[in-house]
Amino acid sequence: MAAFKEIKKRINSIKSTRKTTSAMKMVSSAKLHKAESVISNMLPYSTALHHVMESLLTGDDVSKLSRERPVKNVAIIAFSSDSSLCGAFNSNIVRELQKTVEEYGKSLSTDRITVYTIGKKVYDAARKKGITVTKNFENLAGKTDYQVIADLAESLIVQFETDKIDRVDTIYHHFRRAGAQEELVNEVLLPVILPKENTDRHISTDYIFEPSREEILRVIIPKSIKLQLYTALLDSNASEYAARMIAMQTATDNADDLISELTIEYNKSRQQAITNELLDLISGSMG
């Protein structure tokens, strides 16, 4: 009888957990749908702006933000979530951050590696691993505040232009589509690196610029960098929701399987108990 109660108690407990995982999956799905909408609405503008910038930038080194130089100081920006229950989403970011810091540490001292974290999980993990974090943006992972990201990008641009940092790397998950594995990205934000086919290309058409090409680039490049960093935040957020949705779906499916197994075990035990009672009654009546 005690075994029945124990199995029944466990089934009820798993059913309660299943309700939670199912609800979390639905919430993540709704948030993901909203995040996808934001990304899709912004993508045409971002693509057009980047195309204009690439068309204007040539091998003439008209902008300091596009000039590569020896890396003596580096800044790394890592994006994670503020909460857990999203599979390997955060652990992948932490692993890539540690790997990147160790790689730069081979040629640079610790004080020349500046780390910015967006998300509580990567911040906590970085501190545990002994990585010094210059600043953490804890509440930014759940709220896509463009102005905060733009201010961070502006600060990095100023530091790059004044030779305080020579390179900026971003680490985040790139969202492709719901249900697909998110792509872990480690890319260069500064200096602006053009595709190889564009680096030696000059503007073939004799355009007249007003204001000058240099002044246009002086406005467009910072805008593009800010937008690129903001896109990384949107990508990271969408990837988090997708990862949590998949994790909660997997947990719900596992709960269903476990409930089914325990229900079969419960019914077998109950049937065995009934059979034993009948046998006792039959034996008693024969005696």
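Values in this document were obtained by computation on a predicted structure and should not be read as measured data.
- Here the shortest heavy-atom pairing between A243 and F89 reads CB-CB, 4.1 Å.
- P191 and E68 get closest at one heavy-atom pair: CG-CG, 3.6 Å.
- Interatomic distance, I113 CD1 to I76 CD1, rounded to the nearest 0.5 Å: 6.0 Å.
- Qualifying salt bridge (charged side-chain N to carboxylate O under 4.0 Å, His left out) partners for K120, counting only residues two or more places apart in sequence or in other chains: D124.
- A pairwise comparison of heavy atoms in N73 and K164 identifies CB-O, 3.2 Å as the closest pair.
- Summarising the geometry, atom NZ belonging to K25 is positioned 4.0 Å from atom CD belonging to Q249; distances are rounded to the nearest 0.5 Å.
- Residues satisfying the side chain to side chain contact (heavy atoms under 4.5 Å, CB included) test with D145, not counting sequence neighbours, are L140, Q147, V148.
- Using a 3.5 Å distance cut-off with no hydrogens or angles, the side chains of T21 and T252 do pair a donor with an acceptor.
- Judged by distance alone, the side chain of T275 and the main-chain N or O of Q271 form a donor-acceptor pair under 3.5 Å.
- Contacts of R112 classified as salt bridge (charged side-chain N to carboxylate O under 4.0 Å, His left out), with partners at least two apart in sequence or in another chain: none.
- V38 and I149 fall within a single hydrophobic cluster, where Ile, Leu, Val, Met, Phe, Trp and Tyr side chains are chained together by heavy-atom contacts under 4.5 Å.
- Remark: the E96 side chain and the N92 side chain contain no N/O donor-acceptor pair separated by less than 3.5 Å.
- Listed by chain and residue number, E103 satisfy the salt bridge (charged side-chain N to carboxylate O under 4.0 Å, His left out) test with K106 (two or more places apart in sequence, or in another chain).
- In terms of heavy atoms, A247 sits closest to G87 at CB-N, 3.9 Å.
- Remark: F160 CZ to S155 OG distance equals 14.0 Å, nearest 0.5 Å.
- By the 4.5 Å side-chain criterion applied to Ile, Leu, Val, Met, Phe, Trp and Tyr, L85 is assigned to a cluster that also includes M24, M248.
- Taken together through direct or relayed side-chain contacts under 4.5 Å among Ile, Leu, Val, Met, Phe, Trp and Tyr, I157 and L49 form part of one hydrophobic cluster.
- By the rule that hydrophobic residues join a cluster once side-chain heavy atoms approach within less than 4.5 Å of another member, V101 and V188 end up as members of separate clusters.
- T134 places no side-chain N or O within 3.5 Å of a backbone atom of Y116 that could act as its donor or acceptor partner.
- Taking a cutoff of 4.0 Å between a charged side-chain nitrogen and a carboxylate oxygen, K72 and D163 do not qualify as a salt bridge.
- Summarising the geometry, atom CE belonging to M245 is positioned 10.0 Å from atom OG1 belonging to T250; distances are rounded to the nearest 0.5 Å.
- A salt bridge does not link R10 with E6: none of the charged nitrogens is closer than 4.0 Å to a carboxylate oxygen.
- Partners of F137 under the ring pair (Phe, Tyr, Trp, His ring centres under 6.0 Å) rule, at least two apart in sequence or in another chain, do not exist in this structure.
- I118 and V115 fall into different hydrophobic clusters, where Ile, Leu, Val, Met, Phe, Trp and Tyr side chains are chained together by heavy-atom contacts under 4.5 Å.
- Every residue two or more places apart in sequence or in another chain that forms a side chain to side chain contact (heavy atoms under 4.5 Å, CB included) with S91 is listed here: A88, R95.
- A donor and an acceptor atom, one from each side chain of R244 and S83, are located under 3.5 Å apart.
- Looking at residues two or more places apart in sequence or on another chain, you find a side chain to side chain contact (heavy atoms under 4.5 Å, CB included) between V94 and V122, A125, K129.
- Taking every heavy atom of both residues into account, S80 and I93 meet most closely at CB-CG2, 4.5 Å.
- Judged purely by atom type and a 3.5 angstrom limit, T263 uses its side chain to pair as donor or acceptor with the backbone of I259.
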Report, one line per pair, each donor and acceptor closer than 3.5 Å where one atom sits in a side chain of residues 217-238; sequence neighbours left out.
residue	atom	partner	partner atom	Å
K226	NZ	E154	OE1	3.1
T231	OG1	L227	O	2.7
D235	OD1	F175	N	3.4
D235	OD2	H174	ND1	2.8
N237	ND2	A141	O	3.0

Checklist entry - Between H173 and V185, does a side chain to side chain contact (heavy atoms under 4.5 Å, CB included) hold up when you go through it step by step? => result CA-CA 6 Å; H173 281 99; V185 177; over 6 Å; no
Checklist entry - Could you walk me through whether S269 and I7 pass the side chain to side chain contact (heavy atoms under 4.5 Å, CB included) check? => result CA-CA 10 Å; S269 299; I7 295 174; 4.2 Å; yes
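- Side-chain atoms of T162 come within 3.5 Å of backbone atoms of V158 as a donor-acceptor pair (strictly under, hydrogens ignored).
- The shortest non-hydrogen separation linking I165 to A75 is CD1-CB, 4.2 Å.
- Expressed to the nearest 0.5 Å, how far CG of L156 lies from CG of L190 amounts to 7.0 Å.
- Every residue was checked against the salt bridge (charged side-chain N to carboxylate O under 4.0 Å, His left out) condition with D82, not counting sequence neighbours, and none meets it.
- With S37 contributing its side chain and H33 its backbone, the two residues share no donor-acceptor pair below 3.5 Å.
- For F79, there are no ring pair (Phe, Tyr, Trp, His ring centres under 6.0 Å) partners at least two apart in sequence or on another chain.
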Item to check | Check against side chain to side chain contact (heavy atoms under 4.5 Å, CB included), D256 and N254 | outcome: CA-CA 5 Å; D256 287 336; N254 290 340; over 6 Å; no
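- Judged purely by distance below 3.5 Å, without hydrogens or angles, the side chains of D169 and Y104 pair a donor atom with an acceptor atom.
- Criterion: ILVMFWY side-chain heavy atoms under 4.5 Å apart, direct or through other members. Under it, V192 and V71 are not part of a common hydrophobic cluster.
- Taking the side chain to side chain donor-acceptor pair (under 3.5 Å) definition, one finds that Y172 meets it with E187, sequence neighbours left out.
- Geometrically, K8 engages Y266 in a cation-pi contact, judged by NZ or CZ lying under 6.0 Å from the ring centre and within 45° of the ring axis.
- More than 12 heavy-atom neighbours from other residues, nucleotides or ligands sit within 6.0 angstrom of CZ on R69.
- At a cut-off of 3.5 Å, with distance as the only test, a side-chain donor of T100 or N186 sits close to an acceptor on the other residue.
- With values rounded to the nearest 0.5 angstrom, E240 atom CD is found 8.0 Å from K31 atom NZ.
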